[in-house]
Every structure is written in structure tokens, then in C-alpha cells.
Amino acid sequence: MSFSKNDKYIFGSAGLGMPEYGFSSFNKPSSSNSYLRHIYNVGVRNIDTAPSYGYSEKTVGKFHQNNAQNFNIWTKVDGLETNSYFTEDKVFHSLKESIKKLNVDHVECLYLHQNDINIIEDKFVQKALKKIKLSGLAKKVGVSIYNSLELKSSLSLKVYDVIQLPVSVVNTHLYNIANKHNSKKTLVARSIFLQGSLLNVDSKKKKFNYYNDISKMVGFLKELAYSYKIDYLGMLLSYINSLDGLDHIIVSSKNKRNIDEILKKSDLRLCDNMKSKLNEISKK
């Protein structure tokens with residue numbers, strides 16, 4: 001089985017190393033090795049990971065050790081301090097440890113995993129990341145951000161090649177800012193299902209502090225999908241896929257069947273009227 005545009009997708013591996021991560025379905029998780037082989041065979045060749053994602057990096061590294069296929073790795077560094085002369089050593093040590101665990105010789109991108117404006121703008125951090133690229137250990141460097149202040153700073157600083165940001169059918173605020181900015185940054189969308197809450201809010205009711213609000217929004221979105229005779233999951237995915245300027249989309253599941261459904265339904269055609277209504281929702 002193969003799907004179109006899979007070079008656009010990055011597999012989010014947090015659930016691979018942290019079984020309790022997010023609001024997953026009750027479908028039984030697939031075994032790690034066969035799952036990774038499956039997503040490679042269907043054309044997904046990028047993996048998003050981090051040292052803080054439990055045993056995710058080691059799991060991917062074990063796959064690389066036992067298989068001829070290799071993924072493009074997007075990993076992270078954290079635990080940095082501002083105005084520190086030890087920053088460069090910490091960044092290089094962290095990345096080299098990740099590379100060792102992952103059984104690769106370099107990574108596609110190294111992100112800052114600290115959404116702290118002081119870290120993002122720190123001169124020692126920027127200097128270390130420039131040296132990381134020059135060393136060849138990472139092709140690109142980037143940031144994983146959460147708010148508009150961090151986004152605007154990242155857009156203005158030349159050192160950052162990639163910006164990872166939350167984008168979903170209920171939140172395009174940061175995407176809209178980035179898309180209007182005249183920059184050549186690579187934009188990577190994450191949290192497209194709000195860590196699964198847009199799909200599994202009812203089955204995970206006890207885990208939500210704002211269950212009523214989320215459930216009401218999910219109900220409204222499902223009614224909208226039904227009124228246009230379009231699959232709900234397909235609507236969520238295709239809306240993100242229709243947004244201009246998004247270079248990559250992080251998708252994730254712990255089950256082969258689920259990931260197949262995500263990939264198959266990610267490119268449905270949305271009519272202009274429906275997309276307009278979804279734009280109104282997401283801007284709020």
C-alpha cells in the first residue's frame with residue numbers, strides 16, 4: 001500500500017516511547033519494529049522524536065540497527081540555560097547522544113525543545129546551533145513554539161530554518177501569522193488533532209479538564225462534516241493539508257490501522273464554502 005504526498009508527513013513518535021502520551025484510541029498498539037517497517041513501506045520516511053520522549057529514540061535506533069531502511073530524523077535538545085558558556089558543549093553532547101541512540105550519522109533537523117523566548121534569542125544558543133549545522137550533524141535547526149511572541153522572534157532570527165507550531169481545525173492563529181510573514185522558513189504543523197482529543201474526547205472523558213467545551217466543539221464539527229457528506233477524520237486532515245505554506249505535517253498513532261486511515265483520508269477535496277466555515281472556526 002502506498003499513499004500520495006507522504007514526503008510531507010512526519011511520524012510523531014512520542015507515543016512510541018511514552019505509551020500513555022495523548023488521548024489515543026483503544027485500538028491495541030502495534031509492535032514497534034513491525035510498525036516502523038509498515039510506515040516506511042507506505043512511504044513515510046520522516047520521524048519526529050526527542051530525548052524526552054521516553055524510549056522513542058532507542059526504539060527507532062533499534063529498528064535502524066536491524067533493518068536496511070533508515071528514516072530522516074527530526075529530534076530536539078533541551079535543558080539549556082541562558083547566557084551560558086557551556087551551551088555549545090551541552091548542545092553537541094545532546095545531539096551526539098541522540099545520534100548514537102538512533103543509529104544514524106546525522107539528523108535532518110535539531111529543534112530547541114524549550115519554548116522560552118530567552119533561550120530562543122540567547123546568543124550562545126544561536127552560536128551553538130550555527131556550529132551544529134557547520135559540523136554536518138544536523139542539516140537544519142529549528143524551534144518548537146507555542147505562542148505568537150516566540151513565533152515572531154523565530155521568524156526574525158536567521159539561524160532558525162524550521163518552525164514547528166500547533167495547527168488544527170480549531171486553531172490556525174499562529175499559522176496565519178507565519179503564513180503572512182515574508183520568510184523562507186520551513187513550517188511544520190503539529191497537534192493537528194490536539195493530541196487525539198478531537199478524535200477520542202468521549203472515550204477519554206475522565207482525562208479532560210474542559211470536557212464540556214471540547215465535546216461541544218467536536219459535536220459541532222461532526223455535524224458540519226455530516227451536513228457536507230464528508231468523513232469527519234478526512235475533514236480534519238484535509239483542512240490542514242489545504243493550508244498553503246505548510247511544508248510538513250506531523251501525524252501519529254500507535255496502531256497500523258489508524259495510521260493507514262489517517263494517510264488515506266488526508267487529501268479529500270473540501271468545497272470552498274466548507275473551507276470558509278472551517279476558517280472562521282479556526283480563527284476563533
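We use all heavy atoms of the structure for the numbers below, so side chains are in, but hydrogens, waters and symmetry mates are not.
Val91 and Ala128 make their closest contact through CG2-CB, 4.1 Å (heavy atoms, listed as atom of the first residue, atom of the second, distance). Between Ser252 and Ile259, the shortest heavy-atom contact is C-CD1, 4.1 Å. The minimum heavy-atom distance linking Ser253 with Asn258 is given by the pair OG-CB, 2.9 Å. Contact record, Ser148 with Leu174: N-CD2, 3.4 Å, taken as the closest heavy-atom pair. Shown here for Leu80 and Ile119, the closest heavy-atom pair between the two residues is O-CD1, 3.5 Å. Of all the heavy atoms in Ala178 and Leu165, the pair that sits closest is CB-CD1, 4.5 Å.
By the neighbour-count criterion of 12 heavy atoms within 6.0 Å, atom NZ of Lys139 is sparsely surrounded, having that number or fewer from other residues, nucleotides or ligands. When the shell of 6.0 Å around CG of Asn273 is examined, it contains more than 12 heavy atoms from other residues, nucleotides or ligands. Atom OH of Tyr228 sits in a crowded spot, with more than 12 heavy atoms from other residues, nucleotides or ligands closer than 6.0 Å.
Contacts classified as ring pair (Phe, Tyr, Trp, His ring centres under 6.0 Å) and involving residues 172-192 (residues at least two apart or in different chains) are not found. Pairs of residues two or more places apart, or lying in two chains, that qualify as side chain to side chain donor-acceptor pair (under 3.5 Å) and include a residue from residues 95-109 are Glu57-Ser98. For residues 121-137, the pairs satisfying side chain to side chain donor-acceptor pair (under 3.5 Å) are Glu88-Lys131, Glu121-Ser153, Lys133-Asp161, with sequence neighbours left out. Note on residues 245-284: pairs passing ring pair (Phe, Tyr, Trp, His ring centres under 6.0 Å), not counting sequence neighbours, are Trp74-His248. Every pair tested for salt bridge (Lys or Arg N to Asp or Glu O under 4.0 Å) that includes a residue from residues 165-178 fails, sequence neighbours excluded, so the list is empty.
Leu243 and Ile177 fall within a single hydrophobic cluster, where Ile, Leu, Val, Met, Phe, Trp and Tyr are joined by side-chain heavy atoms under 4.5 Å apart, directly or via other members. Phe220 and Leu199 fall within a single hydrophobic cluster, where Ile, Leu, Val, Met, Phe, Trp and Tyr are joined by side-chain heavy atoms under 4.5 Å apart, directly or via other members. Transitive grouping of hydrophobic side chains (ILVMFWY, heavy atoms separated by less than 4.5 Å) keeps Phe124 and Leu112 in distinct clusters. Hydrophobic clustering places Leu157 together with Ile163 (ILVMFWY residues linked when any side-chain heavy atoms are closer than 4.5 Å, directly or through intermediates). Under the 4.5 Å side-chain heavy-atom criterion for Ile, Leu, Val, Met, Phe, Trp and Tyr, Met274 and Tyr232 are members of the same hydrophobic cluster.
Between the side chain of Thr59 and the backbone N or O of Tyr55, at least one donor-acceptor pair lies under 3.5 Å. Between the side chain of Asn41 and the backbone N or O of Arg37, at least one donor-acceptor pair lies under 3.5 Å. Listed for the Thr87 side chain is no donor-acceptor partner under 3.5 Å among the backbone atoms of Val125. Remark: the backbone N or O of Val77 is not paired with any side-chain donor or acceptor of His113 at under 3.5 angstrom. When atom types are taken as modelled, the side chain of Ser215 and the backbone of Asn212 share no donor-acceptor pair closer than 3.5 angstrom. A donor-acceptor contact shorter than 3.5 Å is absent between the side chain of Gln65 and the backbone of Gly61. Side chain of Ser276 to main chain of Asp272: no donor-acceptor pair is present (N/O by atom type, distance under 3.5 Å, no hydrogens or angles).
Neither side chain, Tyr239 nor Ser168, offers a donor N or O lying under 3.5 Å from an acceptor on the other. In this model, a donor atom of one side chain and an acceptor atom of the other lie less than 3.5 Å apart for Tyr9 and Ser266.
The shortest distance between side-chain heavy atoms of Glu150 and Val143 does not fall below 4.5 Å. Side-chain contact check for Leu237 versus Phe193: some heavy-atom pair is nearer than 4.5 Å. Side-chain contact between Tyr111 and Val162 is present, with heavy atoms from C-beta onward closer than 4.5 Å. Side-chain contact between Ile192 and Ile250 is absent, with no heavy atoms from C-beta onward closer than 4.5 Å. Between Glu81 and Phe86, the closest side-chain pair of non-hydrogen atoms is not below 4.5 Å. For the pair Val44/Tyr40, no side-chain contact is recorded, criterion being any heavy-atom separation below 4.5 Å from C-beta on. Asn83 has its side chain out of reach of Asn118: every pair of non-hydrogen atoms, C-beta onward, lies at least 4.5 Å apart. Ser242 places a side-chain heavy atom less than 4.5 Å from the side chain of Lys275.
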Worked verdict on Ile99 versus Val107 for side chain to side chain contact (heavy atoms under 4.5 Å, CB included): CA-CA 7 Å; Ile99 284 173; Val107 300; 4.1 Å; yes
Let me see the working for Ile10 and Ile249 under side chain to side chain contact (heavy atoms under 4.5 Å, CB included), right down to the final yes or no. CA-CA 6 Å; Ile10 300 174; Ile249 300 171; over 6 Å; no
Let me see the working for Leu198 and Val218 under side chain to side chain contact (heavy atoms under 4.5 Å, CB included), right down to the final yes or no. CA-CA 6 Å; Leu198 291 179; Val218 169; 4.0 Å; yes
Given the rule in the side-chain hydrogen bond (donor to acceptor under 3.5 Å, both in side chains) test, do Gln114 and Asp78 qualify, once you have shown the distances and angles that lead to the verdict? CA-CA 6 Å; Gln114 292 164 268; Asp78 58 20; over 6 Å; no
Could you go through Asp247 and Lys185, starting from their C-alpha distance and side-chain angles, then the distance that decides it, and tell me whether this counts as salt bridge (charged side-chain N to carboxylate O under 4.0 Å, His left out)? CA-CA 9 Å; Asp247 299 282; Lys185 309 286 187 184; over 6 Å; no
Candidate pair Thr75 and Thr49, rule side-chain hydrogen bond (donor to acceptor under 3.5 Å, both in side chains), full reasoning: CA-CA 5 Å; Thr75 193; Thr49 186; 5.0 Å; no
Side chain to side chain contact (heavy atoms under 4.5 Å, CB included) for Val60 and Val104? Distances and angles first, verdict last. CA-CA 10 Å; Val60 176; Val104 293; over 6 Å; no
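Atom CD1 of residue Ile281 and atom CG of residue Leu221 lie 5.0 Å apart, to the nearest 0.5 angstrom. Note that CD1 of Ile120 is 13.0 Å distant from OG1 of Thr82, once rounded to the nearest 0.5 Å. Atom NZ of Lys284 is separated from atom OG1 of Thr172 by 12.0 Å, given to the nearest 0.5 angstrom. Remark: Lys58 NZ to Ser32 OG distance equals 14.0 Å, nearest 0.5 Å. One distance of note links CG of Leu110 with CD1 of Ile132; it measures 6.0 Å at 0.5 Å rounding. With values rounded to the nearest 0.5 angstrom, Leu233 atom CG is found 8.5 Å from Leu268 atom CG.
Within the cation-pi definition used here (under 6.0 Å to the ring centroid, within 45° of the axis), Arg190 does not qualify as a partner of Phe11.
A salt bridge is defined here as a Lys NZ or Arg NE, NH1 or NH2 lying under 4.0 Å from an Asp or Glu carboxylate O, and Lys265 with Glu261 meets this definition.
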Anything under 3.5 Å between a donor and an acceptor, one on a side chain of residues 66-73, the other on a protein residue two or more places apart or in another chain? List them.
| unit_1 | atom_1 | unit_2 | atom_2 | d |
| --- | --- | --- | --- | --- |
| Asn66 | ND2 | Lys62 | O | 3.2 |
| Asn67 | ND2 | Asn33 | OD1 | 3.2 |
| Asn67 | ND2 | Phe63 | O | 2.9 |
| Asn72 | ND2 | Asn46 | OD1 | 3.3 |

